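Below you'll find the structure, written out as structure tokens, and then a few comments.
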Number of protein chains: 2
Amino acid sequence: MSTPGRGLHGRVLESLGPAITAGEYPPGSVLRTDELAQRFEVSRSVMREAVRVLESMHLVESRRRVGVTVRPANEWNVYDPQVIRWRLAGADRPRQLRSLTVLRCAVEPVAAGLAAKHATAEQCAELTECALGMVANSRGHKLEGYLVHDVAFHRIVLNASGNEMFARLGDVVAEVLAGRTHHQVMFEDPDPAAVTLHVQVAEAIRGGDAVRAEELTREIVVGALQELDVLSPEA
Amino acid sequence: MSTPGRGLHGRVLESLGPAITAGEYPPGSVLRTDELAQRFEVSRSVMREAVRVLESMHLVESRRRVGVTVRPANEWNVYDPQVIRWRLAGADRPRQLRSLTVLRCAVEPVAAGLAAKHATAEQCAELTECALGMVANSRGHKLEGYLVHDVAFHRIVLNASGNEMFARLGDVVAEVLAGRTHHQVMFEDPDPAAVTLHVQVAEAIRGGDAVRAEELTREIVVGALQELDVLSPEA
DNA sequence: GTGACGTATAAGTCTGACTTTTTGTTCCCG
DNA sequence: CGGGAACAAAAAGTCAGACTTATACGTCAC
């Protein structure tokens with residue numbers, strides 16, 4: 001699924017990144033490269049490369065004579081897939097899951113509408129195939145199989161929209177759906193209504209009915225948001 | 001506006017990054033760290049740090065015995081502000097501008113709706129102030145002054161939505177608006193209708209009218225999209 | 001043709017010395 | 001006693017060179 005710490009600097013990142021996003025080092029905290037290098041038992045070169053990556057994610061800022069300072073959370077590149085993964089693995093997963101789902105509410109309906117206009121015949125076929133796969137796995141606690149088709153479904157819609165910004169949210173949606181399945185209380189079978197909606201969305205896109213695809217997708221994703229609110233109470 | 005190549009590795013990035021996003025090195029191209037270090041007249045350590053950053057943006061992939069290979073564009077982290085800036089500076093600015101504006105069409109109306117519910121009194125005040133600033137600069141070729149208030153307006157709405165994913169798109173919107181003002185043919189004064197809409201959106205948010213704020217914002221951003229289509233013909 | 005083996009290659013890692021920038025202190029003068 | 005200039009220390013930044021490791025590719029035997 002993800003990239004397991006490639007190279008030494010990758011392993012350092014896999015440890016330091018989640019620590020920062022988890023708020024283990026409050027904003028303004030100062031880290032020194034040499035100290036970190038010692039702590040992780042790597043050379044300074046490796047540590048510097050790791051810091052550079054964190055810097056490119058706007059998680060930290062490196063300044064001479066002062067050190068590596070942790071930036072406030074509102075400056076982080078929260079669209080970076082790695083940052084998203086780190087945050088979803090952390091303590092405030094619920095909040096993270098919610099803000100991502102709200103993003104889905106905004107994006108996916110529009111993407112579905114565009115998909116209805118731009119989807120190729122092949123994409124339509126894959127879409128209905130995924131929908132059928134969801135139906136097939138909707139009963140009998142086959143959550144993993146359901147998840148696979150669900151992820152594929154939304155990924156295809158986002159790709160079929162023809163907009164690269166939408167397409168690149170496929171990974172985000174995948175993370176959200178996986179997080180919901182694995183870390184929420186989801187022992188039951190998925191909501192039958194949601195399954196039906198997916199089938200209908202596939203039909204609408206196939207039929208080129210943009211407004212219907214948009215509206216049905218909105219139902220799906222708003223439903224997901226409500227489901228989230230039920231499980232973790234939050235204003 | 002942005003961060004001008006801080007440190008040697010930053011200057012290398014400022015040169016290599018745009019070259020890659022511009023498609024100067026087609027996907028699959030192989031670069032060697034040593035050669036790059038020579039070309040840019042920096043040490044390997046510096047070059048390696050630069051490559052690490054490019055790697056974290058998914059622009060390239062570094063593999064042993066192979067070299068640094070350029071990844072296909074559909075794998076790039078296109079939400080990275082730096083990548084966005086590089087691409088907007090490149091040749092396919094029109095396409096980039098369009099896909100970003102489509103993203104705005106999806107996000108900003110929803111954000112405005114949420115802002116109507118969550119905006120603080122102070123944010124409402126700032127919002128109307130910005131709207132007035134736009135009105136004041138809407139005539140007499142005061143495009144720069146208009147731009148400043150326009151950017152501030154949309155940034156406040158996104159922040160006031162209370163969703164961090166929306167809030168972080170403030171920079172993207174700023175880049176889009178700046179790009180439109182500076183690099184499109186925009187010698188005329190801004191569309192009066194758009195100005196009016198901004199004022200009305202500020203009113204709606206102040207009044208807590210979510211659906212109205214959403215709908216008016218949709219008019220603004222769809223208008224921006226149409227304006228884009230007129231200037232650069234594209235299917 | 002297929003498999004195992006060896007080799008060349010380019011990234012990866014480490015070390016140590018040196019440079020540069022910047023902060024904070026000290027000290028002198030007004 | 002206050003302010004500014006000179007100074008010193010600290011941390012990142014840069015560089016060069018040696019060494020290690022993984023791996024693609026060619027070779028050779030079967």
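Just so you know, these numbers come straight off a predicted model, no measurement behind them. FYI, side chains are in, hydrogens and waters are out, and symmetry mates aren't considered; it's all heavy atoms of this structure. By convention in this document, chain letters (A, B, ...) are assigned in the order of the sequence lines, proteins followed by strands, and residues within each chain are numbered from 1.
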Between the two end axes of the helix from dG1(C)-dC30(D) to dG30(C)-dC1(D), each built from 5 base pairs, what angle do you get to the nearest 10°?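 Taking five pairs per end, the axes differ by 10°.
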**Asked** Does the pair E55(A)/R52(A) count as a salt bridge with the N-to-O cut at 4.0 Å?
**Response**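 Judged by the 4.0 Å cut-off on N to carboxylate O distance, E55(A) and R52(A) do form a salt bridge.
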Who pairs with [X] by side-chain contact (heavy atoms from CB on, under 4.5 Å), at least two apart in sequence or on another chain?
| X | result |
| --- | --- |
| V66(B) | R63(B), T69(B) |
| P81(B) | N77(A), R85(B) |
| E41(B) | none |

Can you name the salt bridge (charged side-chain N to carboxylate O under 4.0 Å, His left out) partners of [X], sequence neighbours left out?
| X | value |
| --- | --- |
| R48(B) | E49(A) |
| D150(B) | R180(B) |
| E75(A) | R71(A) |

* 5' to 3' on DNA chain C, which nucleotides open and close the contacts with chain B (atom under 4.0 Å from a heavy atom)? ->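 Boundary nucleotides touching chain B, in 5' to 3' order, are dA8(C) to dT13(C).
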Take the protein atom CG of L36(A) and the nucleotide atom P of dA11(D), then report the distance between them rounded to whole Å.
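From L36(A) CG to dA11(D) P: 12 Å.
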Handout entry: Whole angstrom value for the distance that separates C1' of dT21(D) from CZ of R6(A)
Key =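 Result: 15 Å.
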Exercise for review: List in numerical order all residues of residues 41-66 of chain A for which some heavy atom is under 4.0 Å away from an atom belonging to DNA chain D.
Suggested key: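 Residues of residues 41-66 of chain A under 4.0 Å from DNA chain D: R48(A), R52(A), S62(A), R63(A), R64(A), R65(A).
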Partners of F166(A) by ring-ring contact (aromatic ring centres under 6.0 Å, His included), sequence neighbours excluded?
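So F166(A) forms no ring-ring contact (aromatic ring centres under 6.0 Å, His included) with any residue.
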Write out all pairs satisfying ring pair (Phe, Tyr, Trp, His ring centres under 6.0 Å) with one or both partners inside residues 72-103 of chain A, taking only residues at least two apart or from two chains.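 Matches after skipping sequence neighbours: Y79(A)-Y79(B).
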Restricting to pairs with a member in residues 7-62 of chain A, which pass ring pair (Phe, Tyr, Trp, His ring centres under 6.0 Å), not counting sequence neighbours?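 The answer is none; no pair qualifies.
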